[in-house]
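Naming convention: chains lettered A, B, ... in sequence-line order (proteins, then strands); numbering from 1 in each chain.
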There are 2 protein chains.
Amino acid sequence: MLFPMSRNPEEPVYNRIEEARTALGLTRQELADRVGVHYQTIGYLEREEYSPSLVLALRIAKALNQEVTELFSLTPLKKGR
Amino acid sequence: MLFPMSRNPEEPVYNRIEEARTALGLTRQELADRVGVHYQTIGYLEREEYSPSLVLALRIAKALNQEVTELFSLTPLKKGR
DNA sequence: ATGCTATGTAGCATTAATGCAATATCTCAA
DNA sequence: TTGAGATATTGCATTAATGCTACATAGCAT
């Protein structure tokens, strides 16, 4: 098992992708399709095994109609908005 | 000269880093230090030769006290706020 | 003119992000 | 119970993002 997450392992990126995705009743495959990535990539991101590129983060936010800062943060995110 | 920019060359990421940085009277080296990257990296980003990771984008936004969406966008950004 | 500082350009090395395939597990409906 | 769908795990290949070094250029102050 590899564990990248960022060049600075001290500061990972937290996200609420799964929460937002399921709230829309979407499957990972469906979100992946909308965003244009492999469905496994969504899995990696939801498990926070690595953090996305900015492009991907922006696309995901758009696909889930959320603000980037509502979805991703350098500090732990609480459940629910 | 290489030209990555994103896995999807059709959709680059536009940014206003230089504008925001100079507005604060910061040099690239200074911004790089605050953000924890090499000063050349800031240059590449300002010239939009490639787009940053989300972690870096979040750190830059914080260092320039700007919203991520004010600094970066999938669509071209106009000058001035 | 000289020198200093900021920035641009060019390579090269490393690593994280992504693609992709194959297999496993888990849940839930029939 | 069986099967289908969703998610997890593993492993490998590719490439973009980043680090870093060296040299060039441009502007500005002296």
Quick one: closest heavy-atom pair of [X] and [Y], and the distance?
| X | Y | value |
| --- | --- | --- |
| B/Leu71 | B/Ala61 | CD1-CA, 3.6 Å |
| B/Leu74 | A/Lys62 | CD1-NZ, 4.1 Å |
| A/Ala63 | A/Leu24 | O-CD1, 4.3 Å |

[atom1] of [X] versus [atom2] of [N]: gap in Å, rounded?
| X | N | atom1 | atom2 | answer |
| --- | --- | --- | --- | --- |
| B/Leu26 | C/dT5 | CG | C1' | 15 Å |
| A/Asp33 | C/dG19 | CG | P | 11 Å |
| B/Leu56 | C/dT15 | CG | P | 18 Å |
| A/Glu18 | D/dT7 | CD | P | 8 Å |
| B/Leu31 | C/dA6 | CG | C1' | 14 Å |
| A/Arg59 | C/dA17 | CZ | P | 16 Å |
| B/Ile17 | D/dT18 | CD1 | C1' | 14 Å |
| B/Ile42 | C/dA6 | CD1 | C1' | 14 Å |

Minimum-distance nucleotide to [X] side chain [options: [options]]:
| X | options | answer |
| --- | --- | --- |
| B/Arg21 | D/dG19, C/dT18, C/dT7 | C/dT7 |
| B/Val37 | D/dT18, C/dT18, C/dT9 | D/dT18 |
| B/Tyr44 | C/dG19, D/dT18, C/dG11 | C/dG11 |
| A/Glu49 | D/dT9, C/dA17, D/dT18 | D/dT9 |

To the nearest 0.5 angstrom, please state how far the CG atom of B/Asn15 sits from the CD atom of B/Glu70.
->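 Result: 13.5 Å between the selected atoms.
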Nearest 0.5 Å, what's the CD1-CD1 distance between B/Ile60 and B/Ile17?
->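 With rounding to 0.5 Å, CD1 (B/Ile60) is 4.0 Å from CD1 (B/Ile17).
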So among B/Leu64, B/Thr69, B/Asn65, which one has a side chain to side chain contact (heavy atoms under 4.5 Å, CB included) with B/Glu67?
->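 Of the listed options, the one satisfying the test is B/Thr69.
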Would you please test A/Leu45 and A/Leu56 for side-chain contact (heavy atoms from CB on, under 4.5 Å) and show each step?
-> CA-CA 10 Å; A/Leu45 296 181; A/Leu56 183 49; 3.9 Å; yes
Under 3.5 Å, which protein N or O atoms sit close to an N or O of nucleotides 21-28 of chain D? Give each pair with its distance.
{"unit_1": "D/dT21", "atom_1": "O4", "unit_2": "B/Gln40", "atom_2": "NE2", "d": "3.2"}
{"unit_1": "D/dA22", "atom_1": "N6", "unit_2": "B/Gln40", "atom_2": "NE2", "d": "2.8"}

Side-chain N or O of [X] closer than 4.0 Å to phosphate OP1/OP2 of [N]:
| X | N | value |
| --- | --- | --- |
| A/Thr41 | C/dA17 | no |
| A/Ser51 | C/dA17 | yes |
| B/Ser53 | C/dA16 | no |

Can you check side-chain contact (heavy atoms from CB on, under 4.5 Å) on A/Glu46 and A/Arg21, steps first, answer last?
-> CA-CA 10 Å; A/Glu46 292 188 351; A/Arg21 172 179 62 80; 2.6 Å; yes
Verify the cluster assignment for A/Tyr39 and A/Leu26: are they in a single hydrophobic cluster under the rule of side-chain heavy atoms below 4.5 Å apart?
->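 A/Tyr39 does not cluster with A/Leu26.
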Can you tabulate the close N/O pairs, meaning under 3.5 Å, that link protein atoms to atoms of nucleotides 26-30 of chain C?
none

Given side-chain contact (heavy atoms from CB on, under 4.5 Å), test A/Leu58 with A/Phe72 step by step and report yes or no.
-> CA-CA 10 Å; A/Leu58 289 171; A/Phe72 304 93; over 6 Å; no
Upstream residue (5' side of DNA chain D) when B/Leu54 and A/Gln29 are each assigned their closest nucleotide =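 With B/Leu54 and A/Gln29 compared, the 5'-side residue is A/Gln29.
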